Q: 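Here's a structure for you.
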Amino acid sequence: MLFRAILVGIIFLIAGAAAAENKVALLIANANYTSVTPLKNPPNDIAAMRATLETAGFKITTLENGTRAEMSAALAAFEEKVGNADIGLVYYSGHGVEVNGENFLIPVDATLRSDRDVKYEAIVLSDVLGVLSKARSFKLVLLDACRDNPFLKTMKQGLTKGAPTRGLARVDSAESNMLIGYATAPGDVATDGDGATSPYAKALARHIASPGLEIETALRAVAKEVFEATGGKQRPYKTGSLFDTVMLGPTETAPIAKDDVCRDAATHWAAISDSTARALFEEHLKNFSTCAFASLARMKLASLEPDQGTERMTIAIPTLSAEESENDTPQTDCDLLAAAPDDRMKLASVPGVPFTEIAVDRALEACQAAVDQYPRTARLWYQLGRSQHKAGEYAKASEAYIVAGNYGSAAAVNGLGRLLALLAREGKTEDFVPVLAWFQEHVTKELASTATELGSAFEEKAQLKRAIDVYSVAAKFDEPNALYKLSWFADRGTFGASDPKLAATYMIRSLKSGLLTHFQSDVWYGSPRIIEENQWSFDFRLALQREMISAGVYSGKVDGRLGPSTVKAVERLRKKL
């Protein structure tokens with residue numbers, strides 16, 4: 001605790017203020033409709049959003065219960081402000097309607113007696129997007145506008161080419177660095193919720209401007225929270241494209257290198273990872289929001305109740321139920337662009353894409369959209385992880401692999417192991433210690449060879465303690481190469497006194513599991529020079545012969561000479577077992 005207090009104090013001392021950005025927002029809440037039943041939450045929704053965005057340095061304009069004329073005037077005035085801003089944001093809480101593929105925001109004075117009236121009495125979303133396009137760096141529209149629309153019950157239809165529908169339509173803007181967030185999926189209905197604010201507004205206020213939290217990560221956290229808060233009935237999603245790293249809230253700058261901060265983060269995470277105290281994870285995110293396991297801290301934090309005790313918890317991803325099987329999720333663009341050919345969860349209708357051939361930009365966008373819409377589908381999370389892995393977004397990829405793995409994807413656990421092996425060879429695993437621990441806990445027999453590959457990567461970088469830890473996980477499943485490596489380390493006494501008997505035991509298990517390649521060379525024909533070069537001890541050779549006698553495959557002398565009779569014993573061992 002003392003270390004943590006000192007560490008946090010240092011971080012606060014060295015943290016500087018975020019670079020000044022001109023950020024403007026227009027918040028509209030329409031509740032008191034004159035021709036239909038009023039909504040209860042929109043005024044509370046924008047109050048929550050205002051408090052959040054003002055803290056993040058936004059200059060706020062609000063409009064409550066706007067008529068069409070007032071909404072048009074507010075947009076015109078806001079357009080002038082956006083033209084001088086780096087970031088522009090519009091949040092709308094109220095009724096919305098889709099007609100002929102176009103979305104409209106409904107003013108409080110609208111009557112909408114027919115679908116023809118929509119274009120005259122409502123505000124078309126494309127006008128809002130046009131206003132925001134003037135922002136220099138980033139544009140964001142957030143639509144809490146998919147409540148069950150009472151206008152549809154009385155609106156005459158058939159006067160236009162298409163009928164109004166429940167919810168809003170998906171709209172993709174061609175504008176760069178613009179995102180459009182929707183409270184729920186296309187054609188679905190969002191709710192006001194049971195509280196003072198809507199579930200979407202509540203989640204936005206919690207995450208959208210968190211210090212150091214990148215906007216797309218924030219929107220994923222929003223989608224997850226809303227989905228869980230509504231029992232899976234409401235699935236927020238987003239469209240658009242973002243090429244830059246954008247944080248709406250403050251970012252931390254410091255006169256020391258980021259890598260130094262992240263090394264402190266690793267120590268801090270190791271100290272708190274088994275805890276269930278919310279304050280510790282909030283502290284971690286406040287001070288280490290850009291480091292690799294910030295994603296794990298957010299997932300852990302999202303799982304904890306305010307007054308939860310100290311019982312150890314795992315990463316907070318629920319398991320799939322029988323009603324939420326993979327077959328319930330239809331084919332998506334993510335399947336076409338990023339499915340692995342050998343993934344058992346892959347849809348039979350798609351051939352799969354080799355890792356080296358993933359079209360990164362398209363796959364990232366498609367898979368992010370897919371998991372936003374279907375957040376409990378293992379194969380989509382795995383495919384998002386593959387895409388992020390290919391793009392070099394290793395922290396994000398590890399998070400996606402973990403989500404998929406917790407939903408039952410063995411391919412995702414395997415992918416995480418290969419990602420960790422890559423990081424080990426590049427000397428970049430220190431920020432991924434929690435991810436490594438998760439992988440080791442989820443290794444199965446079919447994944448044991450991947451664990452051995454990871455152990456080998458650590459061995460190549462002379463991280464022998466970590467290599468032995470991973471080899472030991474694989475050895476639980478009798479992976480022959482891992483057992484051979486453990487035999488080698490035991491004989492050499494890498495972390496203590498040499499233990500020839502233990503080394504011989506590992507070697508016998510390795511042989512029983514199919515390891516023969518090491519025993520089909522001259523080392524087994526008694527050449528003193530080759531035996532010496534391979535550095536197996538004389539005591540090991542004696543212990544190995546004794547273990548073979550115990551196994552009933554060797555009847556020669558216990559003399560430490562590994563000649564032809566020992567090779568025959570190996571062959572007998574293989575045939576016998």
Side-chain angles (χ1 to χ4, degrees), residues 25-50 60-78 90-100 102-128 131 141-157 159-160 162-169 171 180-184 186-202 204-205 230 233-234 236:
L26 173 61
L27 312 179
I28 302 174
N30 286 345
N32 296 334
Y33 287 91
T34 58
S35 58
V36 297
T37 303
L39 295 169
K40 64 174 183 177
N41 282 343
N44 298 327
D45 294 342
I46 67 164
M49 288 295 293
R50 176 168 190 150
I60 310 293
T61 301
T62 61
L63 174 63
E64 291 191 36
N65 299 316
T67 64
R68 188 180 192 279
E70 289 169 341
M71 290 179 69
S72 296
L75 284 170
F78 187 63
V90 172
Y91 170 77
Y92 174 77
S93 177
H95 281 309
V97 66
E98 178 267 320
V99 179
N100 292 333
E102 283 221 86
N103 294 324
F104 295 85
L105 313 183
I106 304 178
V108 296
D109 60 344
T111 57
L112 302 184
R113 294 186 177 89
S114 76
D115 50 4
R116 180 184 60 189
D117 296 338
V118 174
K119 63 181 179 181
Y120 303 112
E121 298 184 14
I123 301 295
V124 64
L125 178 60
S126 59
D127 285 349
V128 178
V131 167
V141 180
L142 299 168
L143 299 172
D144 201 349
C146 307
R147 294 163 170 88
D148 197 1
N149 191 347
F151 290 99
L152 297 180
K153 300 175 183 177
T154 58
M155 189 184 299
K156 294 181 180 179
Q157 301 176 9
L159 300 177
T160 63
T165 64
R166 286 162 41 104
L168 299 180
V171 173
I180 307 170
Y182 301 81
T184 194
D188 283 349
V189 173
T191 67
D192 253 6
D194 298 325
T197 57
S198 75
Y200 191 53
K202 181 179 180 181
L204 286 171
T230 61
K233 297 177 181 178
Q234 188 171 329

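Computed from a prediction, not measured in an experiment: that's the story for all the values here.
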Q: Which distance, rounded to the nearest 0.5 Å, do you find between the CD of Glu98 and the CG of Leu125?
A: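 One gets 11.5 Å once the value is rounded to the nearest 0.5 Å.
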Q: In the structure I gave you, are the side-chain heavy atoms of Tyr200 and Pro236 within less than 4.5 Å of one another anywhere?
A: yes
Q: Quick check: do Ile106 and Asn30 have side-chain heavy atoms less than 4.5 Å from each other?
A: no
Q: Of all heavy-atom pairs between Leu63 and Glu70, which one has the smallest distance, and what is that distance?
A: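 Heavy-atom minimum between the residues: CD2-O, 3.8 Å.
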Q: Shortest non-hydrogen contact from Glu102 to Ser126?
A: OE1-OG, 3.7 Å
Q: Under the 3.5 angstrom rule, does the side chain of Tyr33 hit a backbone N or O of His95 as a donor-acceptor pair?
A: yes
Q: Is there a side-chain contact between Asp45 and Tyr91 (heavy atoms, below 4.5 Å)?
A: yes
Q: Quick check for you: to the nearest 0.5 Å, what is the distance between Leu105 atom CG and Met71 atom CE?
A: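 Rounded to the nearest 0.5 Å, the CG-CE separation comes out at 5.0 Å.
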Q: Would you name the heavy atoms of Ala29 and Pro43 that are closest together and state the gap between them?
A: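 What the structure gives for the nearest pair is CB-N, 3.9 Å.
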Q: Check whether any side-chain heavy atom of Asp117 lies under 4.5 Å from a side-chain heavy atom of Glu121, and answer yes or no.
A: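 They are in contact (side-chain heavy atoms under 4.5 Å apart), so the answer is yes.
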Q: How long is the span from the CG atom in Asn65 to the CG atom in Leu39, to the nearest 0.5 Å?
A: 9.5 Å
Q: Say whether, by atom type as modelled, one donor and one acceptor occur between the side chain of Thr230 and the main chain of Gln234 under 3.5 angstrom.
A: yes
Q: Distance check, rounded to the nearest 0.5 Å: Ile28 atom CD1 versus Thr61 atom OG1?
A: 10.0 Å
Q: Quick check: closest heavy atoms across Phe78 and Ala25, and the distance to 0.1 Å?
A: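 Closest pair (atom of Phe78, atom of Ala25, distance): CE1-C, 3.5 Å.
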Q: Does any donor atom in the side chain of Ser198 or Asp144 lie under 3.5 Å from an acceptor atom in the other side chain?
A: yes
Q: Taking all non-hydrogen atoms of both residues into account, name the closest pair between Leu27 and Ile60 and its distance.
A: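 The answer is CD1-CG2, 3.7 Å.
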Q: Quick check against the 3.5 Å criterion: does Ser35 have a side-chain atom that pairs as donor or acceptor with the backbone of Ala110?
A: yes
Q: After noting the C-alpha distance and the side-chain angles of Val118 and Leu112, does the key distance pass the side-chain contact (heavy atoms from CB on, under 4.5 Å) rule?
A: CA-CA 6 Å; Val118 174; Leu112 302 184; 4.1 Å; yes
Q: So which atom in Asp109 and which in Thr34 form the shortest heavy-atom distance, rounded to 0.1 Å?
A: CA-OG1, 3.8 Å
Q: Verify side-chain contact (heavy atoms from CB on, under 4.5 Å) between Val124 and Asn103, making sure each step is shown before the conclusion.
A: CA-CA 6 Å; Val124 64; Asn103 294 324; over 6 Å; no
Q: So, the side chain of Arg68 versus the backbone of Pro107: is there a donor-acceptor pair under 3.5 Å, distance only?
A: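 Side chain of Arg68 to backbone of Pro107, a donor-acceptor pair under 3.5 Å: no, none is there.
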